Amino acid sequence: MIFKRLFRAKHLSPDPLVRIEAIETLNNQASEQKSILHELAFNDAEPKVSLAALHKLDSFVLWYKMSEIAKNELVRRKSVQYVETVLLSEDNTILTASQRRNVVLEVKDNALLEKIILQPWVQNDAELVITLLAKVDRPLLRDKVFLNTQNETLQFEILSSLKDVASNRKLLNKFIKKTPTLAVKSKAKELLSLWLKLEKIPVETEQKVTMLLSCLLALKDSQDFEYVQIRRQELNQEYTNLAVNFDKLSETKVSEIQQKYIDISSKVDRNFEILKPVWMAQQAKLELKSAVDTITADVERHLQAISTELDTRISEISSGEVDSFKQTLRQSSSAVQDLISQAPADEQKKHKQLESLNNRVNSTLNTLSHLPEFQVKIHAVRVMLEQFEGLALPSDSSQVDASQEHLNDVNQKWRALNGGNHSQLPNELIVRWNKQSKAWGKAIADLRTELSSELNRCRNKLKSIDSLVRQGKFKAAMGLYRKVTVWFDRLNEKQQAQLHKTYSDVQQQIENLKDWQDYICAPRKPALLKEVDRLIANPLNVGAQAKAIKVLRSQWNSLGKTETESDQVFNDAFEVAIEAAFSPCREHYDEQQKQREANLQLKMQVLADLKGLSKADSSIMELAKKLRHVQQTWRNVGEVDFKLRKELYEKYQTLVAPLKLKISEFHNDNAKQKQTLLNQARLLIELEPITEAIEQAKKLQEKWKSIEHAGRKAEADLWQAFRQANDNLFTKRAELNQQHKLEVKEQIKQLKLKVSTLKSNLTEAKGKAELILALQGAPAVRESLTSLPSSIRNELESEINGLFENQKKKLSELTKNEKSKEYVRLFEALRCWEQGANKPDVTDLRKNWQSGFTKAPALADRDEITLKMEVIADKPSPVSEQSKRKQVQMELMAHRLQTGDSLELNTLLVDWIKGGELSETDKPLLERVERVFVS
């Protein structure tokens with residue numbers, strides 16, 4: 001009882017040392033004494049007493065709680081040190097592993113958590129590290145753990161939590177080079193590869209969508225309904241597949257793609273609706289044609305089967321078989337009539353086809369209904385054919401008319417016998433009839449042609465004789481007359497009668513010419529001989545010489561022969577002279593013949609070269625080049641013997657044609673490929689944005705270069721069109737670039753104006769609030785800079801950064817001034833706080849300063865505290881205090897070495913204020929303290 005009273009006295013003692021001594025006597029296991037220790041630990045105003053109570057309680061939980069709630073800086077710092085020592089120690093005996101883990105999970109101080117995370121015992125628990133890293137949320141700390149830990153499981157967990165950002169890629173690359181663990185290195189490489197692959201997805205998706213939209217756009221001009229229908233479904237499915245990756249694109253890009261897809265799809269739908277009625281009409285026609293073809297094939301099969309039976313077994317067919325045939329034909333007729341009624345009225349061709357088929361069915365039905373009469377007709381037809389075939393074909397032109405009359409009679413009998421049953425006659429009889437009637441018709445036609453030809457020849461030649469006489473070509477007229485006389489005698493009487501008058505007139509003219517022949521020839525032949533002699537003496541060029549000789553011989557021959565001795569002498573002399581005149585020509589022609597033979601060898605070599613080309617295994621371009629050379633060689637070779645000209649040319653064409661075809665197919669295929677590229681290039685003008693269209697155009701140009709020549713004309717036309725399509729695209733880009741430059745210029749102007757406004761706002765701002773509000777629009781301006789060219793962007797960003805630096809500087813100055821004003825107010829209050837005076841108004845001072853004025857005075861050596869503040873602030877002390885200042889410096893150094901902490905000026909200032917009212921001896925000290933805080 002005495003002890004309790006004694007303890008209470010010590011416990012309540014104002015002296016901290018007495019209270020500390022009392023704590024040493026308490027038992028932390030006794031309930032009442034433990035409560036007293038709690039009271040002293042958490043409520044005592046003296047830090048040393050609180051710390052002593054905590055040491056006596058020896059409870060980690062209480063130390064941890066105090067580290068969180070302690071108001072005194074020393075108590076809080078000592079509590080934190082204790083907690084860190086327990087939690088960071090590798091060999092811990094205070095807490096079990098489970099308790100320490102639970103405590104770590106409850107820690108809220110991020111600085112402490114960062115230290116804890118780096119402890120080896122913590123890094124052995126991967127789940128705990130991941131939880132703590134998430135709480136701290138410091139990527140640099142996570143990276144440090146990732147690079148330095150030896151726990152593979154932890155590394156795998158961190159890898160799984162990483163997101164694809166530039167810093168994480170650098171981390172993985174560094175880790176891949178550094179880590180010796182193959183499994184983790186492989187996982188890191190796999191993750192990095194996945195990121196790279198995912199990075200390409202947006203670009204590849206945009207490229208695929210661009211090509212898809214181009215293909216979809218092409219459908220709006222296609223006229224093939226089925227192709228549009230199928231292709232649209234394929235592209236829609238492809239778009240759906242691509243849409244899975246739209247979350248990798250920006251919202252603006254996705255919105256743009258979706259709008260393009262909707263716009264183009266609507267155009268394709270309109271084209272689809274236009275094509276659909278046409279296609280349905282075509283399908284109706286195809287269905288009608290299919291139905292007509294089907295029923296025609298069925299009916300033809302039935303008719304052919306019946307016809308075969310009639311051909312082979314007409315005398316053996318039973319009445320039951322006939323009834324079966326009739327039933328089949330009636331069903332066929334009904335089906336044909338139904339189809340006729342269903343066919344549209346404008347399908348006249350189909351109507352006629354079906355009606356003709358129905359008529360054949362009805363004709364066959366009629367035949368089957370009168371089968372006995374039909375059998376009699378067949379017998380009669382056979383008899384008539386045998387008689388007709390037994391007659392020889394007409395061969396005498398004099399019997400043409402009689403032969404024609406007989407053929408007409410036979411035709412009449414044929415028609416009478418087969419009547420309406422022609423289609424049911426045995427095919428063998430029809431073939432025999434057609435063969436024999438055609439043979440007779442041809443024979444009669446040939447005879448008539450022959451007669452007509454002879455008559456026309458005589459008539460024409462008689463006119464020619466009359467013309468020759470009029471031209472003075474008497475010899476030719478008499479020679480032709482002798483031939484015409486023979487032809488005239490071969491004509492029949494009817495034809496001779498037709499030419500009688502003309503023939504008599506020509507005959508009279510020829511008789512008159514014979515009387516004048518001797519008279520004409522006598523003086524003319526010597527003159528012609530003299531002309532020949534002049535050609536021998538003064539020959540012309542080869543062509544003119546040969547022409548002159550030909551004319552002279554023609555004139556000589558026209559004079560004829562008189563069968564006299566003198567005429568024979570003239571004729572012999574002319575032959576000798578004309579041969580002499582022709583000699584130079586003959587030599588020239590011999591040279592030409594030799595040249596033709598040489599040309600023949602050259603052309604034969606060209607043909608051999610062509611054969612070699614057809615067998616050579618070379619590229620098409622090389623083949624085309626060689627073929628052009630061979631063709632030019634062929635054209636350069638001169639003439640050959642005219643008898644061989646056609647044969648050689650045919651061989652040449654036979655060899656050249658397949659080579660040309662092969663080259664043409666090659667060129668056509670290249671032309672089709674280039675036409676496809678041209679079509680795609682033309683569509684690019686509608687593709688947006690223009691940069692994507694330009695990229696597509698460049699790819700098309702590369703493809704164009706990879707395709708070989710398409711033939712001279714096609715290549716020129718296609719290239720011209722392809723270049724024009726690209727020029728149109730680049731022209732559009734130039735226009736858009738110009739427009740974009742104007743827009744950028746206007747944007748720069750507006751942004752500069754905004755920056756200028758921000759600058760004015762900052763210049764005009766007075767207080768702290770105005771300074772903060774002055775640049776509130778700066779982030780939006782900075783975000784707008786991203787679309788500008790780098791030069792102007794950097795310039796404006798630098799200017800905005802300068803504004804922020806200026807703002808920061810001004811805020812710092814304001815803060816400094818505000819603090820200075822606070823200290824001024826404090827020291828004014830302290831100067832008024834004299835002994836015996838009223839307490840000054842300190843409501844506008846800091847809370848910790850106010851407590852020094854309001855609480856009971858504490859023991860404080862203001863002289864020592866003042867020296868400590870001067871030492872810490874590196875301010876001069878009076879000369880008289882230099883010795884004591886050195887002693888204080890040593891104490892501060894010792895305190896820092898023992899505790900690891902340095903005293904703070906503000907803490908010392910609060911301790912100085914707690915000393916209570918100022919005495920006369922405190923006033924000089926106040927001036928020294930004021931110099932520390934107010935420069």
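This one's a predicted model, so the numbers in the text were calculated from it and none came from an experiment.
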Taking the six-membered ring of W719 (Phe, Tyr or Trp), confirm whether the NZ or CZ of K674 is under 6.0 Å from its centre and within 45° of its axis.
no

Side-chain contact test, heavy atoms from C-beta onward, threshold under 4.5 Å: evaluate it for F272 versus R232 and give yes or no.
yes

Are the side chains of S664 and N668 in touch, meaning some heavy atoms are under 4.5 Å apart?
yes

The reported gap from NZ in K745 to CD1 in I792 (rounded to nearest 0.5 angstrom) is 12.0 Å

Is there a side-chain contact between S255 and E251, using heavy atoms and a 4.5 Å cut-off?
no

Residues Q750, E746; criterion side-chain hydrogen bond (donor to acceptor under 3.5 Å, both in side chains); working and verdict:
CA-CA 6 Å; Q750 295 298 325; E746 179 62 25; 2.9 Å; yes

About how many Å separate CG of L212 and CG of L235, when rounded to the nearest 0.5 Å?
5.0 Å

Less than 4.0 angstrom from a charged side-chain N to a carboxylate O is my criterion; do D717 and K713 meet it?
yes

For Y261, which residues count as a side chain to side chain donor-acceptor pair (under 3.5 Å) partner, sequence neighbours excluded?
N236

Are any non-hydrogen side-chain atoms of L648 and L607 less than 4.5 angstrom apart?
yes

Please say whether more than 12 non-hydrogen atoms of neighbouring residues, nucleotides or ligands are located less than 6.0 Å from CZ in F730.
yes

CA sep, side-chain torsions, deciding dist, call: E647, Y652, side-chain contact (heavy atoms from CB on, under 4.5 Å):
CA-CA 9 Å; E647 180 184 353; Y652 172 75; over 6 Å; no

Please tell me if the side chains of D727 and R723 come closer than 4.5 Å, counting only heavy atoms from C-beta onward.
yes

Side chain to side chain donor-acceptor pair (under 3.5 Å) filter on E702, not counting sequence neighbours, yields none

Identify, with sequence neighbours excluded, every residue that meets side chain to side chain donor-acceptor pair (under 3.5 Å) alongside Q237.
N241

What donor-acceptor contacts under 3.5 angstrom involve side-chain atoms of residues 690-701, with partners at least two apart or in another chain?
{"residue": "E692", "atom": "OE1", "partner": "T210", "partner atom": "OG1", "Å": "2.8"}
{"residue": "E692", "atom": "OE2", "partner": "K253", "partner atom": "NZ", "Å": "2.8"}
{"residue": "Q701", "atom": "NE2", "partner": "N726", "partner atom": "OD1", "Å": "2.8"}

Taking ring pair (Phe, Tyr, Trp, His ring centres under 6.0 Å) as the definition, give me every residue that meets it alongside H629, ordered by chain and number, with sequence neighbours left out.
none

To the nearest 0.5 angstrom, please state how far the OG atom of S214 sits from the CE atom of M211.
5.5 Å

Evaluate the ring planes of W704 and F722, with Trp represented by its six-membered ring, and classify them as parallel (under 30°), tilted (30 to 60°) or perpendicular (over 60°).
parallel

Let me confirm one number: the CD1-OG1 distance from I257 to T205, rounded to the nearest 0.5 Å.
8.0 Å

Side chains of R635 and Q632: donor-acceptor distance under 3.5 Å anywhere?
yes

Short side-chain to backbone donor-acceptor contact, E715 and H709, under 3.5 Å:
no

Rounded at 0.5 Å granularity, tell me how far CD in E639 sits from NZ in K603.
6.5 Å

Between R231 and E234, is there a salt bridge with N-O shorter than 4.0 Å?
yes

First locate atom CD1 of I707, then atom CG of D669, and finally report the distance between them rounded to the nearest 0.5 Å.
8.5 Å

Would you mind writing out the side-chain donor-acceptor pairs for residues 216-230 within the sub-3.5 Å range, not counting sequence neighbours?
{"residue": "S222", "atom": "OG", "partner": "D224", "partner atom": "N", "Å": "3.3"}
{"residue": "Q223", "atom": "NE2", "partner": "D221", "partner atom": "O", "Å": "3.4"}
{"residue": "D224", "atom": "OD1", "partner": "E226", "partner atom": "N", "Å": "3.3"}
{"residue": "D224", "atom": "OD1", "partner": "Y227", "partner atom": "N", "Å": "3.3"}
{"residue": "E226", "atom": "OE2", "partner": "W279", "partner atom": "NE1", "Å": "3.3"}

Report yes if the side chains of L683 and N679 come closer than 4.5 Å at any heavy-atom pair, otherwise no.
no

For the residue pair V637 and L600, establish whether any side-chain heavy-atom pair is separated by less than 4.5 Å.
no

Going by heavy atoms in the side chains, are Q673 and N670 under 4.5 Å from each other?
yes

Would you say that more than 12 heavy atoms from the other residues, nucleotides or ligands in this model lie under 6.0 Å from the NZ of K732, or not?
yes

